[in-house]
There are 2 protein chains.
Amino acid sequence: MNKINRKVEYALIGLKHMRGKPPGELTTVKELTLHYGCPFEMTSRVMQNLAQKGVLRSEQGAYGGYQITKDLNRISFYDLMAMILGPMAVAKCMHSSELESACEIRETCNIVSPVQTLSRRLAEFYRDLTVAELLDGRGGSTGKNLKSSVVAEASMMAEPT
Amino acid sequence: MNKINRKVEYALIGLKHMRGKPPGELTTVKELTLHYGCPFEMTSRVMQNLAQKGVLRSEQGAYGGYQITKDLNRISFYDLMAMILGPMAVAKCMHSSELESACEIRETCNIVSPVQTLSRRLAEFYRDLTVAELLDGRGGSTGKNLKSSVVAEASMMAEPT
DNA sequence: TTAAATACGTCTATTTTAGTCGTAGATAGA
DNA sequence: TCTATCTACGACTAAAATAGACGTATTTAA
C-alpha cells in the first residue's frame with residue numbers, strides 16, 4: 001500500500017544527482033538514464049515538468065541540459081508531487097469535495113468528515129517535509145513513535161489476496 | 001495523487017456505522033450496501049478480513065452479522081490499512097529493502113536513503129493516527145501548518161497530462 | 001426445510017501507472 | 001550550412017493495480 005509514484009522517484013533521482021554537481025554544470029537526461037537506469041522518455045518528461053514549474057532551468061541544443069534553480073529547502077515534498085502528479089485528492093469520488101455529481105450518496109455517506117480529516121493531515125505531513133530534507137536523509141524520525149522501525153521488515157512480507 | 005483505497009473506505013464506513021449502534025447489535029453487509037451504496041461482495045470481503053484480524057466478530061446464519069470487538073482507540077490507521085491491503089511498501093522495487101533481485105541498480109541508486117526516510121516517516125504518521133480519531137473527525141490539524149487549508153480547493157483542479 | 005446470513009475461490013472490467021514512438025525545435029561546433 | 005546532440009511534446013501501447021461480479025458452500029434461527 002501507499003507506494004510512491006515512479007515519476008516522483010525519477011524526480012528525486014534527478015534532483016539529487018544535480019545537487020551533487022558544481023554550480024553551473026548541466027545534467028542531461030541521458031546522463032541520468034546511464035547512471036540510474038531510469039527510462040529516458042519518462043525521466044525527460046519529469047524534468048521538463050520541473051523546468052516549467054521553475055525548479056529547474058533547461059538549456060536546449062547540443063551541450064544543453066538541466067540545472068537546479070530553486071532552493072530545495074523551500075520546496076516541500078507536497079509541492080514536488082503536485083508539480084508532477086497534480087494536486088492531492090485522497091478520495092477520488094465518493095467522499096471528497098469534488099463535483100457533487102461524482103458521488104450519488106453524498107447525503108447518506110457517513111465518512112465524509114473522516115476522509116477530509118485524513119486528507120488535511122496527510123497534506124500537512126507532506127508540506128512539512130522539504131525536498132532537501134528528504135534528499136539529505138534528514139527528517140528520519142520525529143521521535144514520537146519508535147515502533148516505526150518495523151516498517152522495513154514489514155515491507156518484505158507478502159500482500160493478501 | 002495519494003488516493004485512499006476503496007476497500008479502506010468501506011472499512012471506515014462499516015466501522016463508523018457499527019460504532020453508532022447499541023452494544024450487542026449486529027450489522028449485516030446488506031445493511032451497509034443499502035445505506036451507503038457500497039458493493040456487496042467487496043464490502044463483505046473487507047468485513048471478513050477485519051473479522052479474521054479480530055477487529056470484528058462475525059456471526060453466521062440468519063440474523064447474523066458483524067460487531068466491533070476491539071477498542072478503535074487502540075487500532076492505528078496503519079494497522080487498519082495493513083489488515084486490508086497488506087504491509088506498507090512505499091517503493092515497490094527499485095529502492096526499497098525488498099529482495100535484491102528486485103533492483104538491478106541498487107549499487108548506483110542515489111535515493112535509497114531518501115525513500116527509506118519517507119517510508120519511515122509515513123509509517124509513523126499512519127501509526128500515530130487512530131481509527132477512532134479518524135472516525136470522530138478529531139485529529140483535524142496538528143496546528144503546525146495552517147497552509148493546509150488549501151487542500152480542499154486544490155483537489156478540484158485538473159491533473160496534468 | 002427454508003430463508004438469510006457469512007465465507008471464499010475465481011473471474012472480468014476498469015482505471016491508473018509505466019513506458020514507447022515519432023517528430024519538431026534549439027544550438028554548438030566542424 | 002550541415003550535423004550531432006540536446007530539449008519539447010503529442011499520441012500511442014503495455015502492464016499492473018484496483019474495483020467489482022459470479023458462483024457456490026456453509027452456518028443458523030425460525
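On a predicted model such as this, the values are computed, not experimentally measured, just so you know.
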* Indicate the atoms forming the closest heavy-atom contact of Asn5(B) with Lys7(B), along with that distance. => OD1-N, 2.8 Å
* Check whether any side-chain N or O of Tyr63(B) sits under 4.0 Å from OP1 or OP2 of dT6(C), and answer yes or no. => no
* Asked: Would you say Lys16(A)'s side chain and Leu135(A)'s backbone share a donor-acceptor pair under 3.5 angstrom?
  -> yes
* Looking only at non-hydrogen atoms, find the nearest pair between Leu26(A) and Lys21(A) and report the distance. => O-NZ, 3.1 Å
* Among Leu134(B), Leu50(B), Val55(B), Thr130(B), the one residue meeting side chain to side chain contact (heavy atoms under 4.5 Å, CB included) with Leu80(B) -> Leu50(B)
* Most 5' of Phe40(B) and Arg45(B) on DNA chain C, judged by nearest nucleotide -> Phe40(B)
* **Nearest-angstrom distance from the residue atom CE of Met42(A) to P of dT7(D)** => 17 Å
* To do: Measure the distance from CG on Leu26(A) to P on dT27(C) and round it to the nearest whole Å.
  => 13 Å
* Answer yes or no: does a side-chain N or O of Tyr10(B) lie under 4.0 Å from OP1 or OP2 of dA19(D)? => no
* Asked: Can you check the Glu9(A) CD to dG19(C) C1' distance for me, whole Å?
  -> 14 Å
* Whole Å only: how far is the CG atom of Leu85(A) from the C1' atom of dT17(C)? -> 10 Å
For a quick test of your reading: what N or O donor-acceptor pairs under 3.5 Å do the side chains of residues 37-44 of chain B make, sequence neighbours left out?
{"unit_1": "Thr43(B)", "atom_1": "OG1", "unit_2": "Pro39(B)", "atom_2": "O", "d": "2.6"}
{"unit_1": "Ser44(B)", "atom_1": "OG", "unit_2": "Gln48(B)", "atom_2": "NE2", "d": "3.0"}

* Gap between atoms CD and P, on Gln48(A) and dA24(C) respectively (whole Å) -> 16 Å
* So, are Arg19(B) and Asp136(B) salt-bridged, with charged N and O less than 4.0 Å apart? -> yes
* Structure fact -> side chain to side chain donor-acceptor pair (under 3.5 Å) filter on Arg57(A), not counting sequence neighbours, yields Glu59(A), Gln67(A)
* Asked: Does a side-chain N or O from Tyr66(A) land closer than 4.0 Å to OP1 or OP2 of dA8(D), or not?
  -> yes
* Closest nucleotide among dA18(C), dG20(D), dT7(D) to the Val29(A) side chain -> dT7(D)
* **base_contact_polar (dC22(D) base, Glu41(B) side chain, donor-acceptor, <3.5 Å)** => yes
* When you measure from every atom of DNA chain C, which of residues 52-62 of chain A have a heavy atom less than 4.0 Å away? -> Gln60(A), Gly61(A), Ala62(A)
* Structure fact -> Here the distance between atom P of dA8(D) and atom NZ of Lys30(A), to the nearest Å, is 17 Å
* Quick one: Lys7(A) NZ to dT16(C) C1', roughly how many Å, whole number? -> 10 Å
* **Any Asn5(B) side-chain nitrogen or oxygen under 4.0 Å from OP1 or OP2 of dA19(D)** => yes
* Structure fact -> note: Asn49(A), atom CG; dT7(D), atom C1'; distance rounded to Å ~ 14 Å
